[in-house]
Structure formats: structure tokens, C-alpha cells
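These numbers come from the heavy atoms of this one structure, side chains and all, not from hydrogens, waters or symmetry mates. Residue numbers start from 1 in every chain, and the chains themselves are labelled A, B, ... in the order their sequence lines are given, proteins ahead of strands.
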Amino acid sequence: MLTLKVIRDNKEEVIKRLAVKHFDAKAIIDSIIALDDKRKAIQLQLDNNLAEQNSLAKQIGKLFAEGKAAEANEAKSKTAELKETSKSLSQELSDVEPELKKLLMQVPNLPHTSVPSGHSAEDNLVVRSGGLVPELPKDSVPHWDLAKKYDIIDFELGVKITGAGFPVYKGKGAKFQRALINFFLDENTAAGYREVQPPHMVNEDSAYGTGQLPDKDGQMYYMQVDNFYMIPTAEVPVTNIFRDVILNASQLPIKMTAYTPCFRREAGSYGKDVRGLNRLHQFDKVEIVQVQHPDRSYDSLEEMVSHVEGILKKLELPYRIVKLCGGDMSFTSALTYDFEVFSAAQQRWLEVSSVSNFESYQANRMMLRYKEDGDKKTQIAHTLNGSSLALPRIVAALLENNQTPNGIRVPRVLQPFCGFEMID
RNA sequence: GGAGAGGUGGGUGAGUGGCUGAAACCAACGGUUUGCUAAACCGUCGUACUUCGCAAGGGGUACCGGGGGUUCGAAUCCCCCCCUCUCCGCCA
């Protein structure tokens with residue numbers, strides 16, 4: 001969430017920037033400031049009141065120690081009213097504070113000044129593209145048909161075991177996935193990301209920390225008995241490693257990578273787009289996360305973008321990088337680049353990665369701070385993350401784009417990981 | 001699942017009603033010393049909110065797992081909850 005300081009000090013600027021996300025902030029900002037004023041006033045009264053109580057209590061203690069019981073008892077009688085007042089003030093405060101926080105949580109992150117305004121995916125800016133769209137044989141088919149033909153991914157079996165959106169990968173299909181995961185992790189660690197294996201379920205605090213709660217409650221699988229959430233992305237457990245942590249500036253940047261399955265309910269999305277591997281309830285993803293100094297977070301963002309781009313190049317996939325417009329960006333992001341690969345048999349671009357700078361938005365929420373050397377003040381760090389990469393759509397594109405009459409060709413870089421050159 | 005123990009500052013750990021926002025030690029940071037390293041010595045060393053100040057800095061309040069209660073006064077007493085650890089059971 002945004003800090004009150006930012007909102008108070010740059011009110012007009014905040015409203016203007018949020019308009020790029022088509023968020024009309026005027027009313028809510030006004031209520032936030034008004035509520036914060038109220039909060040401060042109550043806080044001040046309460047503090048003064050408590051100060052008086054404290055000093056009286058000290059006096060009473062001293063009087064008793066000196067054996068002046070009569071005076072002590074007289075002082076005691078004065079505290080009753082103060083206590084009453086404190087009680088009602090702190091009641092007011094505990095009404096105002098959650099209300100204020102609730103409002104703050106409803107304000108999206110400020111988009112970076114370079115974010116184009118625009119309403120939908122159509123208005124996104126193609127930054128650059130690469131790779132060649134392959135010429136497919138005439139009888140080429142989409143990946144769900146290939147999956148069946150070579151018996152490498154079984155969607156019906158997944159339905160039997162669990163339900164729609166939980167495919168079973170078989171034989172070379174399973175090994176192909178595993179090869180991709182290893183390849184991605186190796187690429188990431190070679191680029192300086194430390195590999196971690198986080199839990200696949202998180203508690204409520206973690207889900208709030210990265211912003212999945214309260215907004216996206218219905219999108220996560222929830223274990224009621226234990227009050228845990230299945231992770232929708234490794235971003236959640238990995239970024240939360242640093243929840244409530246104060247780092248030294250010299251420790252930055254912190255770069256981490258993790259492979260995890262991801263679980264998403266995808267409530268309300270049905271239809272053509274969800275066919276095959278295009279949208280699943282469980283899928284594999286390798287994630288990269290950075291905690292960075294505010295002065296250098298945009299350098300990190302660019303670095304992450306070219307890192308992901310490098311991986312796509314090695315996979316010989318046709319890709320494009322788009323900078324999201326205000327209307328298409330997520331609530332929490334300040335600047336996002338999406339990576340899309342062209343799925344030749346479906347004739348469409350599939351999103352395979354989203355790389356974002358959240359600036360201080362997540363970090364503020366989860367109290368992730370740092371200190372400059374010799375400085376007493378804490379400052380809010382910046383967090384970034386991106387997929388490198390999400391498996392299913394990469395698999396879809398690889399299967400479709402590399403299909404030949406003799407089978408599916410495995411990209412050269414993956415062959416050592418797979419141990420075979422063709423899926424046939 | 002059964003039984004027990006415990007949650008205090010970056011760590012260890014003292015603290016059973018006021019002198020404790022919290023000893024001591026370790027770590028960390030700054031300095032003195034030193035040919036270098038080590039050691040020794042001195043100093044600093046929680047966070048948040050708020051207020052005064054141009055600033056340096058000062059003041060106030062809160063926080064000893066979380067919430068509530070008793071009391072003039074709670075880390076310390078009472079109640080509820082959460083979590084961790086140990087042993088047993090089960091088990092990859």
C-alpha cells in the first residue's frame with residue numbers, strides 16, 4: 001500500500017497518476033486524509049491522557065514508599081476519570097485505525113510515469129519482439145491434439161483424479177516439464193539468483209503481505225481446517241521471507257528464484273481461452289524475485305526483462321515484450337512487462353511471463369525495510385518479481401511450433417536436460 | 001492424536017507488581033591502540049506512531065507471541081487464543 005506520507009505530501013500527483021490506471025482517487029484520498037487527521041487528533045489526546053496517568057501512577061508509588069498513604073489515596077481518586085477518558089479514546093482509535101487501513105488497502109499502486117494510459121490489452125505497448133514464427137506443416141494441430149497423439153498430457157485423466165484444469169503429464173511429457181524446470185532454475189542461478197524451495201501453502205499474514213488478500217480472496221484455494229492458502233505463485237512465500245525484516249543497504253539486491261506449482265481457482269473463466277494448457281488450476285512455474293534499493297529497482301527491472309528474454313531466445317520461441325498500459329496493469333504493480341510467445345497452431349500470443357516492479361507497495365505492506373550504513377532511520381525497500389517462466393504455455397508453444405511429421409522436436413538447449421531429441 | 005515445557009530486543013538469556021523499554025553476555029557499528037592480524041579498551045547499539053525544531057536533536061505514547069481482564073501502576077497476576085519445542089503414537 002501507499003504510505004500516508006506519500007498521499008499527504010503529493011495528493012494532486014497521486015490522483016493524477018492513479019488516473020492512468022483509471023482509478024478515480026479523489027474521493028478516497030480525501031477520506032483518507034480526513035480520517036488520518038481524525039486519527040492524529042485522537043492519538044494526541046490519548047497520549048497526553050496516558051502521560052498524565054503514568055505520572056500520577058508514579059507519584060502514587062512514591063507516596064506509598066514514603067508512607068504517605070493518605071495522600072496516595074487522594075491521588076488515586078483522580079485517576080478514575082482519566083482512565084475513563086483513555087478508555088473511550090482508545091475505543092475511538094480502534095474504530096478509526098482499521099477503517100483507515102481498509103481505505104489505504106483500496107488504493108492501487110501508483111503507475112510509473114512511463115506507463116501509457118489505455119484501457120485494455122489492446123493498448124499495451126509492444127516494446128520489442130524476437131524469434132521467428134515457424135512455417136507449420138499443413139496438417140498441424142494445436143497442442144491438446146498433440147498431447148493426445150503422443151500420449152504425453154492427459155486432461156481427461158486429470159478430470160477423473162481431481163477435476164478440470166489438473167492435467168496429468170505422462171512419459172516424455174512429464175520429463176519434458178522436468179527438463180524445463182531444471183533449465184530455468186539453472187539459468188536463474190547462473191544469473192545470480194539464489195534457489196529456494198518455499199512452502200506451497202501460506203498463512204494469512206503472508207497472503208496479506210504480497211497483496212493476495214484481501215483483494216483476491218476467491219482466487220486462492222483455502223484450507224479451512226488450518227487456515228492456509230495454496231500459493232497462487234511462488235512470489236507469495238518467497239517475498240514473504242523478508243516480511244518484517246530490516247536489511248542493511250549493503251545486502252541489496254537480494255535475488256531469489258524458486259520453482260513451485262501454482263494453484264489458482266480461476267473462478268469465472270471458461271470458454272475457448274482455457275482449452276488445453278492455456279489456463280489451469282494447477283501449473284508449474286519458476287519465479288524470480290528481487291529485493292532492491294529504491295534507487296536501483298528500475299535497473300533491476302530491466303535486468304530481469306533481459307534475463308527472461310535471454311531464456312526465450314535460447315528456447316527459440318517467437319516472443320514479444322509488451323509494456324502494460326494503465327488499464328491492464330495489476331493493482332499492486334508500478335510497471336509491468338509481459339512476455340508473450342506465439343503459439344503457431346492456435347495462431348495467438350500466450351502470456352508466459354509478467355515482470356513487475358512493485359516499488360515500495362508490497363514492502364510497505366509487509367514491513368520490509370532497509371537502513372543505510374550508519375543511518376538510524378529505516379526506509380522501505382523495493383520488491384520485484386517475474387516468471388522465468390510459467391510452464392504450461394511454454395510447453396504449448398514448444399509443442400505446437402516444433403511439430404514435424406516425425407514428432408516434436410526438442411529445442412537444442414533442452415536436449416541435455418531431457419535425454420531425448422524428439423517427442424514421438 | 002496423547003503428555004509435558006516454553007514464547008522477552010539481531011542472538012543467548014536475566015527479570016514474579018512501581019527504581020525495567022527492559023540486566024548481562026555475544027554479534028554488529030564507530031573509535032583508540034597496532035608494522036599487519038589478533039587481542040584489549042572506550043563509545044553507539046529495537047521498532048512504530050506522534051510532537052517541537054530549518055536541522056542536529058529533544059519530548060510524549062505504545063510494544064516483552066496475540067487479545068481481553070485485575071490494579072493507582074503489569075513483561076511480571078487472571079482468562080481466552082495462537083505458535084514453537086521435547087517425549088510417546090502414527091507416518092514419507
Applying the Watson-Crick and G-U wobble criteria at under 3.5 Å, what pairs with B:A56? Answer none if nothing qualifies. none
Pairing nucleotide - B:U33, Watson-Crick or G-U, each distance under 3.5 Å: none
Contact class for A:K371 vs. all strands (heavy atom < 4.0 Å): base, sugar-phosphate, or nothing? sugar-phosphate
Using chain A heavy atoms and a threshold of under 4.0 Å, write down where along RNA chain B the contacts begin and end, 5' to 3'. B:G18 to B:G73
Hey, are A:T3 and A:N364 close enough side-chain-wise for a donor-acceptor pair under 3.5 Å? no
Please classify the nucleic acid contact of A:K58 as base, sugar-phosphate, or nothing, using heavy-atom distances under 4.0 Å. nothing
With a non-hydrogen cut-off below 4.0 angstrom, is A:T378 in contact with a base, only sugar-phosphate, or nothing? sugar-phosphate
Name the nucleic acid region contacted by A:N248, choosing base, sugar-phosphate or nothing; use a 4.0 angstrom heavy-atom cut-off, strictly under. nothing
In chain order, what residues pass the side-chain contact (heavy atoms from CB on, under 4.5 Å) check against A:H112, with sequence neighbours excluded? A:S114, A:V115, A:Y298, A:L335, A:E359
A:L50 near the nucleic acid: base, sugar-phosphate alone, or nothing, with a heavy-atom cut-off under 4.0 Å? sugar-phosphate
Partner lookup for B:G9, please. Criteria are Watson-Crick or G-U wobble with both distances under 3.5 angstrom; report none if nothing qualifies. none
Quiz: residues 231-242 of chain A side-chain donor-acceptor pairs under 3.5 angstrom, not counting sequence neighbours:
unit_1, atom_1, unit_2, atom_2, d
A:T233, OG1, A:E235, N, 3.0
A:T233, OG1, A:K285, NZ, 2.8
A:E235, OE1, A:N385, ND2, 3.4
A:E235, OE2, A:Q362, NE2, 2.8
A:E235, OE2, A:N385, ND2, 3.4
A:T239, OG1, A:E235, O, 2.6
A:N240, OD1, A:R243, NE, 2.7
A:N240, ND2, A:S206, O, 2.8
A:N240, ND2, A:V236, O, 2.8

Give a yes or no answer on whether the side chain of A:K323 reaches the backbone of A:P116 with a donor-acceptor pair at less than 3.5 Å. no
Heavy-atom nearest pair, A:L280 first then A:G165, reads CB-O, 3.6 Å
Any strand counts, and the cut-off is 3.5 Å on both contacts for Watson-Crick or G-U wobble. Which nucleotide pairs with B:C64? none
If pairing requires Watson-Crick or G-U wobble contacts with both distances under 3.5 Å, which nucleotide is the partner of B:U20? none
Report which part of the nucleic acid A:A51 touches: base, sugar-phosphate, or nothing (heavy-atom distance under 4.0 Å, all strands). sugar-phosphate
Which part of the nucleic acid, if any, lies within reach of A:L46 when heavy atoms closer than 4.0 Å are counted: base, sugar-phosphate only, or nothing? nothing
Please name the nucleotide paired to B:U70 by Watson-Crick or G-U wobble geometry with both distances under 3.5 Å, or report none. none
